[in-house]
Amino acid sequence: MLFKPKSVRTHFSGLIFFQNYQRNLWVKPSHRYGKYNEEDDDDKDPKLRNTKENQLDHFYLYKSKGQHLLTNTRILDAIVRRSNIKPADTVLEIGPGTGNLTVKLLEAAEKVVAVEIDKRMVDFLHKRVAENGLQERLNVICKDAMKVEFPQFDLVVANIPYGISSPLIAKLVYGRNPFRSATLLLQKEFARRLLAEPGDSEFNRLAVNVNLVADVEFVMDVSKREFLPCPKVDSSVVIIRPKPELPDVNLNEWRAFTRTCFGKKNKTLGATFKQKKKVMQLLKLAKTTSLNKENPPTGNNYECDEYYDGKYEDEDTDGEECFASSTSDLEMNLFKEKIVGILRKSGFEDKRPSKVSNEDLLHLLSLFNQAGIYFHDHVKPNDLGNANAAYLS
């Protein structure tokens, strides 16, 4: 959850009650945005740093790092109940914070694996869980959730930082670890995009790629007033359930294909694929793929997908210019007509990606592949376990 912090500290009293004492929570302003950086936790003011280190009655929450704690017990209970946790389950929780949800998960599951990057939160969590006598069932991993390899788990239940929603969901649904479901508290707008269907204004590549491998269910909306500190937007709870059977498609090929289609989701597929630059890219890849099939290279060349459509689209300009200079206009035109012919014959030329179903997209990709038109180098391994292998948005 990344929000612009307030310019002054806000004091919150009575957020977390323990058996014999109460902690006060302060919101620390920060003008840095992005991923968590432990160096940000060191106040430049020595007095404030000493206060953090020596006083137990103060606790700081960093809005810039997505530290917004859900405090409504009724909502926490509903999240646990809807997650359908079994007594023998191991639950993975990302970003447990001070343990409001963790304690309830420990009461329902056999074991909880909590991944938390903030060492202060880890210490706080250990103390709280110990006071409840549940420490034997908790395993805390103090690392970045996007860099650590998750141990085996049955379910995911988490109030995750909004800033890592897309890559974390990608890591889960395209990862190596099989799991039954993931109950996630997400930014409301992001959840709507995740739930969008063809024809909806929010329909996007995120929904397309997740829907290929999982089903998403809406559970409930959660007001921003239920969090401390209060964020600027509301949240939603969704449940993601991996599909028991996956389509017969190369997933790297699929993601590269949807990245092309949804670069401009309201542009017709015909207009997208007629672009000279796109035709040249596909022709170059077709030649490379054909050559690699005849002479498979040795070694392990891994290609990572991108977070955002077209992020690295202009990186290999020198290679493209070199390829263009060695390709005749006739060859380019013939390849372009090949692409347009497939779109026209299958009825996709005038269709817009924002209105096309996954089934239709799979059919179109199959037609392209059968004609020798590819979007990803198939010689490179399809390593879905890599934490950065399946960026979706």
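Counting from 1, the numbers follow the sequence of the chain as shown.
- Once rounded to the nearest 0.5 Å, the distance linking CZ of Phe124 with CD of Glu116 reads 12.0 Å.
- Side-chain atoms of Thr260 come within 3.5 Å of backbone atoms of Ala256 as a donor-acceptor pair (strictly under, hydrogens ignored).
- Summarising the geometry, atom CG belonging to Leu269 is positioned 13.5 Å from atom CZ belonging to Arg344; distances are rounded to the nearest 0.5 Å.
- With rounding to the nearest 0.5 angstrom, the CG atom of Leu194 is 12.5 Å from the CD atom of Gln187.
- Under a cut-off of 6.0 angstrom, the local environment of NZ in Lys143 is sparse, with at most 12 non-hydrogen atoms contributed by other residues, nucleotides or ligands.
- The main-chain N or O of Ile373 is never found under 3.5 Å from a side-chain atom of Lys338 such that the two would form a donor-acceptor pair.
- Residues Val208 and Phe262 form a side-chain contact, since some pair of their non-hydrogen atoms from C-beta on lies under 4.5 Å apart.
- Note that CG of Leu186 and OG of Ser236 are 7.5 Å apart. Values are rounded to the nearest 0.5 Å.
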Yes or no on side chain to side chain contact (heavy atoms under 4.5 Å, CB included) for Ile240 and Leu172, after CA distance, side-chain angles and deciding distance? CA-CA 10 Å; Ile240 301 174; Leu172 292 172; over 6 Å; no

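- Between Ala78 and Met220, the shortest heavy-atom distance links the atoms CB-CE, 3.9 Å.
- Taking the six-membered ring where tryptophan is involved, the planes of Phe368 and Phe273 are tilted, since the angle between them lies from 30° to 60°.
- Contact annotation: the side chain of Leu69 never approaches that of Asn159 to less than 4.5 Å [non-hydrogen atoms, C-beta and beyond].
- With sequence neighbours excluded, the residues that form a salt bridge (charged side-chain N to carboxylate O under 4.0 Å, His left out) with Lys104 are Asp77.
- Salt bridge Asp221/Arg192: present, at least one basic N to carboxylate O contact under 4.0 Å.
- The heavy-atom pair separating Ala214 from Val173 by the smallest distance is CB-CG1, 4.3 Å.
- Heavy atoms of other residues, nucleotides or ligands lying less than 6.0 angstrom from NZ of Lys264 number 12 at most.
- Checked by atom type and distance alone, the side chain of Ser83 pairs as donor or acceptor with a backbone atom of Ile79 at under 3.5 Å.
- Residues Thr268 and Glu349 fail the side-chain proximity criterion, which asks for heavy atoms closer than 4.5 Å.
- Put simply, CZ on Phe190 and CG on Leu184 are 9.0 Å apart, with the number rounded to the nearest 0.5 Å.
- For the pair Leu212 and Tyr174, the minimum side-chain heavy-atom distance is below 4.5 Å.
- Between Thr183 and Leu155 the shortest side-chain heavy-atom distance does not fall below 4.5 Å.
- Between Phe348 and His363, the two ring planes are tilted [angle within 30° to 60°].
- Judged purely by atom type and a 3.5 angstrom limit, Asp200 has no side-chain atom pairing as donor or acceptor with the backbone of Glu202.
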Would you please test Leu101 and Leu185 for side chain to side chain contact (heavy atoms under 4.5 Å, CB included) and show each step? CA-CA 11 Å; Leu101 179 59; Leu185 185 59; over 6 Å; no

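- Taking the ring centre of Phe150 as origin, the terminal cationic atom of Lys171 falls inside the region bounded by 6.0 Å and 45° from the ring axis.
- Across every non-hydrogen atom of Arg193 and Ala207, the tightest pair is O-CB, 3.4 Å.
- Looking at Gln275, its side chain does come within 3.5 Å of a backbone N or O of Thr272 through a donor-acceptor pair.
- Under a 3.5 Å cut-off, the side chain of Tyr374 and the backbone N or O of Thr288 do not form any donor-acceptor pair.
- For Ser223 (side chain) and Glu226 (main-chain N/O), no donor-acceptor pair under 3.5 Å exists by modelled atom type.
- Atom NZ of Lys111 sits in a sparse spot, with 12 or fewer heavy atoms from other residues, nucleotides or ligands closer than 6.0 Å.
- A salt bridge links Arg180 with Asp89; the closest basic N to acidic carboxylate O contact falls under 4.0 Å.
- Counting only N and O atoms by type, the side chains of Gln281 and Lys278 include a donor and acceptor under 3.5 Å apart.
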Take Arg259 and Arg205 through the side chain to side chain contact (heavy atoms under 4.5 Å, CB included) test and state the conclusion after the steps. CA-CA 7 Å; Arg259 186 170 61 252; Arg205 185 177 174 234; 3.6 Å; yes

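- In this structure, the side chains of Gln152 and Pro178 come closer than 4.5 Å at one or more pairs of heavy atoms.
- No side-chain heavy atom of Asn72 sits less than 4.5 Å from a side-chain heavy atom of Val222.
- Interatomic distance, CG of Asn358 versus OG1 of Thr258, reported as 9.0 Å (0.5 Å rounding).
- Scanning both residues, Ser346 and Leu343, for their nearest heavy atoms gives OG-O, 3.4 Å.
- Nearest heavy-atom pair, His376 versus Glu253, reported as atom, atom and distance to 0.1 Å: N-OE1, 3.0 Å.
- Residues forming a salt bridge (charged side-chain N to carboxylate O under 4.0 Å, His left out) with Lys224 (at least two apart in sequence, or on another chain): none.
- Judged by distance alone, with hydrogens and angles left aside, the side-chain atoms of Asn177 form a donor-acceptor pair with the main-chain N or O of Pro151 at under 3.5 Å.
- The number of heavy atoms from other shown groups lying within 6.0 Å of CD (Glu149) does not exceed 12.
- Judged by distance alone, with hydrogens and angles left aside, the side-chain atoms of Lys336 form no donor-acceptor pair with the main-chain N or O of Val279 at under 3.5 Å.
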Evaluate the side chain to side chain contact (heavy atoms under 4.5 Å, CB included) criterion for residues Glu359 and Leu362: first the C-alpha distance (whole Å), next the side-chain angles of each, then the deciding distance (0.1 Å), finally the verdict. CA-CA 5 Å; Glu359 290 73 19; Leu362 283 167; 5.6 Å; no

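- Between Thr102 and Val112, some side-chain heavy-atom pair lies under the 4.5 Å cut-off.
- When hydrophobic side chains of Ile, Leu, Val, Met, Phe, Trp and Tyr are connected at separations under 4.5 Å, Leu334 ends up clustered with Leu330.
- Side chain of Arg128 to main chain of Thr98: a donor-acceptor pair is present (N/O by atom type, distance under 3.5 Å, no hydrogens or angles).
- Taking hydrophobic clusters as Ile, Leu, Val, Met, Phe, Trp and Tyr residues chained together by side-chain heavy-atom distances below 4.5 Å, Leu283 does not share a cluster with Val340.
- Considering all non-hydrogen atoms of both residues, Val115 and Pro96 come closest at O-CD, 3.3 Å.
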